[in-house]
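Source: prediction; values computed, not measured. Index from 1, following the sequence.
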Amino acid sequence: MALYHFSAGVVKRSAGRSAVAASAYRSGEQLLDERYGLSHDYTRKQGITHAEIMAPDNAPEWMRDRAQLWNAVEKIETRKNAQLARDITLALPFELSDDQRRDLVRQFVAEQFVSRGMIADIAIHAPHRQGDDRNHHAHVMLTMRELTGDGFHDKKATPEARRWNERATLEAWRAEWAAIQNREFERLGIEAKVDHRSLDAQGIDREPQQHEGVVVTNMKRRGEQRDVAQENERRAAANDNRADLHAELLRVRAELERVRREQAALVVEKSVELSSEQTFSTLELERRQDTEKAMLADQLDQHYRPHLATVEAQARALTDKLEHPGFVLRVLRDLTGRTRADREKLEALQATIDNAHQRMQEQRDALAIRHAQEREQAARAHRQRQEQLARDVYEAQRSSATEAAQDNKPKLSVAQRLAARAERLQERKEALEQKSEQQQGNERKRNRGRDFDM
């Protein structure tokens, strides 16, 4: 992620500061402070790549002159604790060129400040040769009164100027400074992004470092130390330690996940083996049942076929005899003769055929019931094998845990050791975060009362 910085302060007379001196330093010019009769000469200052004043269209021409503008501000602000100018510091994307950075600052200042009626004194600084070569930044000094004719309004008489001091307005500026950079990155096809939110809001586990400023930076270059620099070094070391813990925790979790995947694969493999065994057993049982069915059908056919053939032949003969012409007359002549005996014989033969078919069907039904019982027994045996496998796994895990509890050097499984290691790393991380919060609380107590007013 690219670097993001947006800080807002106020140039206050109560702090011994001068708007003319601040502008001279940022722009690298020589300006005369008419209020105090002092000349501030920073013409030998290096690293200033661009400086200009941007003003609304209705601003008089003399306000575009740096010396006249800030001397006029010093003159109109008569109180000894007056707020002279709003001071904005912007970190510029090192991924862009000088011209792209300048255009980005000018666009942001025009949209957010000049369009509201402020006059902006812009100065863009390059990184110091002894510092971070990514530290491109811009200073923007803003007037705190609205324009009126050829001068400035009274601060209390203009609701718009009072809105410039609202917290919501500052947050909107911070968000827009991130948004305009991200739009420029996207337009240029640069894989970078900035975020104006705090580290906590972004879900980043890292301590924020304090902005050191020009005084602390110069002292560090001379080999001297200040509390802010020392605190930043401590936080940087804590962040490095936290990053190492995060990396180690991620490695442990990855290893734990790998072991879990291997165990899951083993369970799937065993399940496939059991399923294959069950499928093979079922196919073998069906093949054996089909063979038995074929053998029974053949035996029934061989046993009943000759008898059925004889009975069916006799039945057909009797039928033909009954259907022969003149048979009715013969029956009338001999009511108690051979015709009645033949009919009774035919009925007996038909009953025999029906009994044979019924016995065949009963044997088939008994065979089907026996086959169903065999399939149910095979399925019950498969379920018992699965339950036994689950019991064996549980007993093995419980035995391993019992041995580990009884041994001076616990013999844990790979997954258990990795889980314990991850828990210890998490405890170390929480202890480090608690220590950092205590140190930050102490730092806030020391710095209480130093915050600037908007």
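The stretch residues 29-60 participates, sequence neighbours left out, in these ring pair (Phe, Tyr, Trp, His ring centres under 6.0 Å) pairs: Tyr25-Tyr42. Residue pairs meeting the side-chain hydrogen bond (donor to acceptor under 3.5 Å, both in side chains) criterion with at least one member in residues 108-118, sequence neighbours excluded: Gln107-Glu111. Pairs engaging residues 43-55 under the salt bridge (charged side-chain N to carboxylate O under 4.0 Å, His left out) rule: Glu52-Arg106 [sequence neighbours left out].
For the pair Glu29 and Arg66, the salt-bridge criterion is met [side-chain N within less than 4.0 Å of a carboxylate O]. Taking 4.0 Å as the cut-off between side-chain N and carboxylate O, Asp99 and Arg102 count as a salt-bridged pair.
Scored by the salt bridge (charged side-chain N to carboxylate O under 4.0 Å, His left out) test, Arg187 finds Glu184 as partners (sequence neighbours excluded). For Arg183, the salt bridge (charged side-chain N to carboxylate O under 4.0 Å, His left out) partners at least two apart in sequence or on another chain are Glu176. Applying the salt bridge (charged side-chain N to carboxylate O under 4.0 Å, His left out) rule to Arg17 yields no partners; only residues at least two apart in sequence or on another chain are considered.
Glu362 CD: more than 12 foreign heavy atoms inside a 6.0 Å radius. No more than 12 heavy atoms of other residues, nucleotides or ligands sit less than 6.0 Å from atom CD of Gln46.
Below 30°, between 30° and 60°, or above 60°: for Trp177 and Phe108 the angle between ring planes is between 30° and 60°, a tilted geometry.
A side-chain donor-acceptor contact under 3.5 Å links Asp41 and Thr43. Between the side chains of Asn182 and Glu186, not a single donor N or O lies within less than 3.5 Å of an accepting N or O. Counting only N and O atoms by type, the side chains of Asp98 and Thr49 include no donor and acceptor under 3.5 Å apart.
Within the 3.5 Å criterion, the main-chain N or O of Glu74 finds a donor-acceptor partner in the side chain of Arg13. With Arg64 contributing its side chain and Ile53 its backbone, the two residues share no donor-acceptor pair below 3.5 Å.
Annotation for Ile88 and Phe113: closest pair CG1-CZ, 4.5 Å, computed over non-hydrogen atoms. When all heavy atoms are compared, the tightest approach of Arg101 to His136 is NH2-CE1, 3.3 Å. When all heavy atoms of Trp70 and Leu84 are compared, the closest pair comes out as CZ3-O, 4.3 Å. Of all heavy-atom pairs spanning Ala82 and Glu77, the tightest one is CB-CB, 3.7 Å.
Taking 4.5 Å as the limit, every side-chain heavy atom of Leu38 sits out of range of all side-chain heavy atoms of Val20.
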